Protein chains: 6
Amino acid sequence: MMSRFLILSLLLATCAIAFASDPSPLQDFCVADPKNSVLVNGVVCKDPKLVKADDFLFRGLNMMGNTSNDVGSNVTPVTVAELPGLNTFGISMARIDFAPMGINPPHTHPRATEILTVIEGRILVGFVTSNPENRLITKILEKGDVFVFPQGLIHFQKNLENKYAVAIAGLSSQNPGVITIANAVFGSNPDIPGDILAKAFQVDVKFVYQIQSKF
Amino acid sequence: MMSRFLILSLLLATCAIAFASDPSPLQDFCVADPKNSVLVNGVVCKDPKLVKADDFLFRGLNMMGNTSNDVGSNVTPVTVAELPGLNTFGISMARIDFAPMGINPPHTHPRATEILTVIEGRILVGFVTSNPENRLITKILEKGDVFVFPQGLIHFQKNLENKYAVAIAGLSSQNPGVITIANAVFGSNPDIPGDILAKAFQVDVKFVYQIQSKF
Amino acid sequence: MMSRFLILSLLLATCAIAFASDPSPLQDFCVADPKNSVLVNGVVCKDPKLVKADDFLFRGLNMMGNTSNDVGSNVTPVTVAELPGLNTFGISMARIDFAPMGINPPHTHPRATEILTVIEGRILVGFVTSNPENRLITKILEKGDVFVFPQGLIHFQKNLENKYAVAIAGLSSQNPGVITIANAVFGSNPDIPGDILAKAFQVDVKFVYQIQSKF
Amino acid sequence: MMSRFLILSLLLATCAIAFASDPSPLQDFCVADPKNSVLVNGVVCKDPKLVKADDFLFRGLNMMGNTSNDVGSNVTPVTVAELPGLNTFGISMARIDFAPMGINPPHTHPRATEILTVIEGRILVGFVTSNPENRLITKILEKGDVFVFPQGLIHFQKNLENKYAVAIAGLSSQNPGVITIANAVFGSNPDIPGDILAKAFQVDVKFVYQIQSKF
Amino acid sequence: MMSRFLILSLLLATCAIAFASDPSPLQDFCVADPKNSVLVNGVVCKDPKLVKADDFLFRGLNMMGNTSNDVGSNVTPVTVAELPGLNTFGISMARIDFAPMGINPPHTHPRATEILTVIEGRILVGFVTSNPENRLITKILEKGDVFVFPQGLIHFQKNLENKYAVAIAGLSSQNPGVITIANAVFGSNPDIPGDILAKAFQVDVKFVYQIQSKF
Amino acid sequence: MMSRFLILSLLLATCAIAFASDPSPLQDFCVADPKNSVLVNGVVCKDPKLVKADDFLFRGLNMMGNTSNDVGSNVTPVTVAELPGLNTFGISMARIDFAPMGINPPHTHPRATEILTVIEGRILVGFVTSNPENRLITKILEKGDVFVFPQGLIHFQKNLENKYAVAIAGLSSQNPGVITIANAVFGSNPDIPGDILAKAFQVDVKFVYQIQSKF
């Protein structure tokens with residue numbers, strides 16, 4: 001007889017379940033089914049009777065992330081993918097670690113505003129408004145400062161000290177998404193045609209290839 | 001000539017500005033006007049040209065709140081009232097301090113789900129589902145644990161240790177609201193008629209008056 | 001061969017379908033599948049071709065509910081669970097019956113505002129605002145009066161006469177939810193630890209146990 | 001000195017305040033300012049301190065409306081225009097009276113689904129689905145029956161008996177709007193050009209003029 | 001062994017998947033599964049890994065539609081049914097062709113506002129406001145003019161010239177729906193009872209039957 | 001006496017009116033007040049009685065935009081700023097002109113999905129998914145082709161021919177916003193610190209300064 005696993009596998013072979021909208025849940029909770037890794041944003045939720053306290057729990061946000069990389073920072077996300085109980089609730093959390101002088105490079109969250117508080121360290125933060133102003137708004141944050149990065153705007157952070165820094169952020173979506181500008185523009189798969197980027201950034205196409213080779 | 005202050009005062013004498021809905025801002029940002037304390041949730045925002053980085057900044061979330069009270073806890077909110085740049089963004093933050101063995105008594109947020117992480121301490125948390133189950137879901141959280149309290153459900157926290165504890169929470173509204181059950185039911189102004197509470201809680205009306213006298 | 005029933009059963013064995021949001025249906029209607037009782041708030045709807053007029057019909061709201069209980073009231077809900085055609089439409093209805101002097105005890109609807117009209121009787125109604133005011137707003141309603149109970153706020157009703165009373169209510173969600181304060185706080189399964197409630201309500205823990213024993 | 005009334009009058013001389021969206025209020029309540037009749041859907045609300053219980057009250061829904069008109073029915077609306085406390089809450093109510101054999105002619109609510117219960121009488125109800133099916137779904141409702149009219153769809157009711165009938169309806173918007181098809185199509189101000197309606201309804205233009213003359 | 005097709009067929013035999021709400025997608029995209037024609041508005045989307053550029057592509061909007069019909073117009077829709085990549089995005093497009101002097105008869109979109117630009121021709125457009133004003137707002141559009149038809153309101157277009165005209169429209173829903181007034185009122189399946197329409201339009205019932213016979 | 005203009009000016013001196021959310025208008029229409037250029041997204045709308053057909057009209061979308069610039073393209077937006085009748089309706093339109101071989105450089109719309117149809121020409125289009133895939137999805141569009149650019153994702157277009165090309169786009173917000181990546185990252189006011197961009201794009205800081213000097 002066909003097992004439940006097989007049926008679900010077949011279903012999942014060609015489809016994922018989308019989730020329409022963050023706000024206004026229609027039941028006390030809708031825990032995302034942890035077995036179906038494809039269903040990150042799924043509307044298929046566990047039978048309420050099988051829901052356990054652990055479905056609302058994520059462990060280890062006190063652990064420093066690995067910042068040994070080109071930019072010297074690491075984000076530990078706690079979205080619906082890591083914490084299935086967040087499903088339908090329009091909120092998530094993240095820990096951001098900074099190596100000494102490390103940066104969290106310019107990026108956007110296409111589906112969320114971010115509110116961030118500095119737990120330890122001194123951090124330069126900034127975001128850029130949309131066209132035509134492209135105004136840069138920056139602030140140096142000390143321990144205990146809270147800052148807002150508006151939804152969809154390009155923003156960044158930089159550790160200003162020669163020691164580790166850490167921040168905790170809340171985001172207004174269960175699956176905020178991250179678009180790291182450099183990676184999306186110069187490191188896409190496949191590459192964006194060089195002539196387009198050369199004209200967009202007003203540089204020689206050779207230089208575009210050079211940057212692309214690093215991502 | 002009538003001053004701007006006077007005109008605004010007159011306007012504010014009889015009306016406040018409401019804010020329709022958390023999601024989907026219609027501009028890069030809409031900083032709430034900090035001068036009009038009544039307009040906590042207002043759609044009247046500062047001229048974008050006058051907006052400064054400080055409008056997105058709140059200072060002091062590293063400071064322990066005063067937990068010398070009957071329940072032994074303190075919440076430091078960072079909502080649109082404290083951080084005007086949060087306006088229209090559907091998110092806020094809070095710091096919760098616990099005295100040794102202190103509790104954050106049963107309460108609801110009528111407009112938000114809460115995601116909480118323990119910065120320091122060991123905390124028992126729980127929430128109760130709606131009728132007819134009224135199921136209590138609890139968990140003991142250690143440092144670095146993250147837990148979800150679904151929107152509108154009654155929940156509580158208790159410091160399990162004999163030292164101070166602290167947690168940081170994100171909430172899915174710029175103005176989540178707090179309804180502390182004991183205060184709303186037994187401490188309203190004026191009091192809810194005693195016979196109603198006596199029947200609701202199935203106790204003698206004298207006992208209702210006794211509780212009411214403490215709030 | 002595996003029957004459709006079996007497949008659905010298997011699917012339903014471990015998951016329910018959640019419904020993301022009340023507003024803005026994306027088709028003329030989406031009748032909830034009446035066979036799947038777990039799918040109360042489901043996005044799986046009947047094939048439009050099989051939809052019948054009866055899917056939009058609920059019978060018997062003229063019948064008085066049984067008010068022979070501790071509080072002397074009864075609510076007959078007409079939500080998506082009872083009327084599958086309500087699915088995706090963000091509205092439901094209820095009939096509330098009151099025995100002589102009966103009360104509808106303090107409760108909240110986590111997902112709906114309620115608008116109520118008195119069909120027969122004289123009823124005291126009230127709701128309490130959130131912190132820090134906890135202001136009680138009350139009114140005595142006569143036949144034909146209409147009153148509003150804002151979303152998420154604690155509210156109650158009491159029959160002021162020595163005869164039966166009845167009201168009809170509209171609610172702004174297909175599944176408003178009900179949290180009866182006394183039941184959720186003192187009657188949860190399992191119980192909320194007594195020391196937490198004792199501190200929250202500033203009563204002796206023995207008294208907490210006494211109330212808990214009645215729920 | 002310029003009076004508050006004058007300032008508001010000037011403001012209202014050229015503008016009204018719109019309300020963006022029904023769901024998710026951002027405060028406990030936002031009572032629409034009853035003095036400004038233009039501000040039916042306004043975001044300008046009364047100072048919470050001045051809000052009284054009467055702001056949440058509407059009286060007289062027990063009174064039969066005047067059905068002495070061409071169609072033999074009357075709707076008594078209880079929207080935000082009549083009950084300012086409904087502001088931001090996405091719900092309203094209505095009483096519908098039917099003279100013997102009277103009809104509530106085909107109409108739509110552009111911003112709401114309607115749930116209706118028959119208080120007294122026997123009523124034929126129906127709605128028509130959108131293109132291309134244009135399927136008519138009808139039901140005869142008895143006292144106590146509840147029926148759903150999906151948002152935006154054309155629907156109607158007819159009293160089947162030779163005595164008065166009455167129904168109570170809930171609607172999923174604080175300002176549902178009503179478009180009576182015959183009035184909007186043949187009774188607009190000014191008239192829709194006759195040749196357009198002649199072609200649309202496939203009748204002679206003389207007949208169009210004839211109908212238009214009656215509205 | 002039961003094939004995936006069979007399972008899906010069985011599932012689809014009695015249910016369709018509804019889509020809760022247009023706004024705020026929860027992932028980069030959720031391509032509607034093109035194989036399941038019933039799932040026009042579905043939340044079941046293709047596995048992101050199998051998504052191809054063609055899922056976001058619709059071809060042929062440059063082709064004139066067939067206007068050889070009673071009203072002399074044709075609408076080519078590009079909704080989620082024709083372009084599965086639109087799923088969850090709250091937008092669609094349409095091409096409207098007009099034969100010489102052709103009309104797009106009075107209709108509503110229950111789930112969308114329409115913005116239209118004239119590519120070629122000279123077109124009279126109009127919409128009617130809701131009760132009680134029923135105000136007709138009209139404009140003659142030339143090539144390059146853009147006009148707005150508010151959500152849910154009855155509107156129409158008429159080609160004023162003796163040659164073909166064409167317009168492109170954007171609509172604020174992935175599945176706006178169309179209710180052609182004449183077809184829904186006089187051409188429903190089955191017919192709306194003649195006496196109801198006779199009273200609603202204040203015409204003799206014979207005339208109602210005459211119009212109904214044409215639809 | 002203080003003039004209405006003066007009062008409005010004073011009000012506007014320090015505040016703008018924000019608009020909470022695109023979906024679900026609460027009235028037939030809410031025309032943005034055209035006199036207050038700051039109120040692009042305002043909830044203050046014209047008195048419905050003063051609304052005219054012209055409030056729903058924008059002229060000139062048939063006119064080619066000026067493409068004599070570095071990238072060889074021009075966007076003519078028709079948002080609520082240009083067409084006040086769009087207010088509260090969650091939709092806008094745009095015309096995009098391309099000089100021979102011109103590009104519309106990589107950009108995002110923080111508040112809208114875009115649906116685009118090619119009126120004339122042959123255009124390469126593409127968008128990049130979010131982390132971690134950063135998958136580039138591209139297509140060559142011919143005349144009459146329609147393509148979707150999901151909300152918040154980086155996308156671009158390139159004219160592949162040696163003649164002018166033109167496209168019409170619909171966008172799912174009345175004020176979609178545009179963030180041109182190169183301008184926001186390398187042309188902000190003031191500049192993003194060079195060391196941050198050098199590390200983010202993994203280039204020498206001299207090269208960052210070189211690009212910044214061009215924006």
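Keep in mind the model is a prediction, meaning the values are calculated, not measured. Proteins come first, then strands; the chains are lettered A, B, ... in the order of their sequence lines, and each starts at number 1.
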- Per-residue tally against chain A (heavy atom, under 4.5 Å) across I137(B), V78(B), L57(B) peaks at L57(B)
- Note on the structure: If one checks every heavy atom of I140(A) against chain B at 4.5 Å, the contacting part turns out to be backbone
- Task: With a 4.5 angstrom heavy-atom cut-off, could you sort out which part of L153(B) is near chain A: side chain, backbone, both or neither?
- Result: side chain
- Task: Indicate, with yes or no, if the rings of F201(A) and F186(A) have centres closer together than 6.0 Å.
- Result: yes
- Query: Highest number of heavy-atom pairs under 4.5 Å with chain B: which of A169(A), G170(A), G126(A), S130(A)?
  - Reply: S130(A)
- Report the distance from atom CD1 of I123(A) to atom NZ of K158(A), rounding to the nearest 0.5 Å. 12.0 Å
- So what's closer than 4.5 Å to chain B heavy atoms on L83(A): side chain, backbone, both or neither? side chain
- Query: Looking at NE2 of H107(A) and CD of Q157(A), how far apart are the two atoms once the value is rounded to the nearest 0.5 Å?
  - Reply: 5.5 Å
- Task: Could you grab the distance from atom CG of N162(B) to atom CZ of R122(B), nearest 0.5 Å is fine?
- Result: 12.0 Å
- Message: Is it the case that the side chain of D97(A) and the backbone of M64(A) share a donor-acceptor pair, with hydrogens and angles ignored and the cut-off at 3.5 Å?
- Response: no
- Task: Check whether F147(A) gets within reach of chain B through its side chain, its backbone, both or neither, counting any heavy atom under 4.5 Å.
- Result: both
- Query: At a heavy-atom separation under 4.5 Å, does T138(A) approach chain B through its side chain, its backbone, both, or neither?
  - Reply: backbone
- Item | Donor + acceptor pair across side chains of N66(B), S68(B) (<3.5 Å) | yes
- Taking R135(B), E82(B), E114(B) one by one, which has the highest count of heavy-atom pairs under 4.5 Å against chain A? R135(B)
- Is chain B contacted by the side chain of F127(A), its backbone, both, or neither, given a heavy-atom distance below 4.5 Å? side chain
- List the steps, then state whether salt bridge (charged side-chain N to carboxylate O under 4.0 Å, His left out) holds for D145(A) with K139(A). CA-CA 10 Å; D145(A) 286 359; K139(A) 199 75 197 175; over 6 Å; no
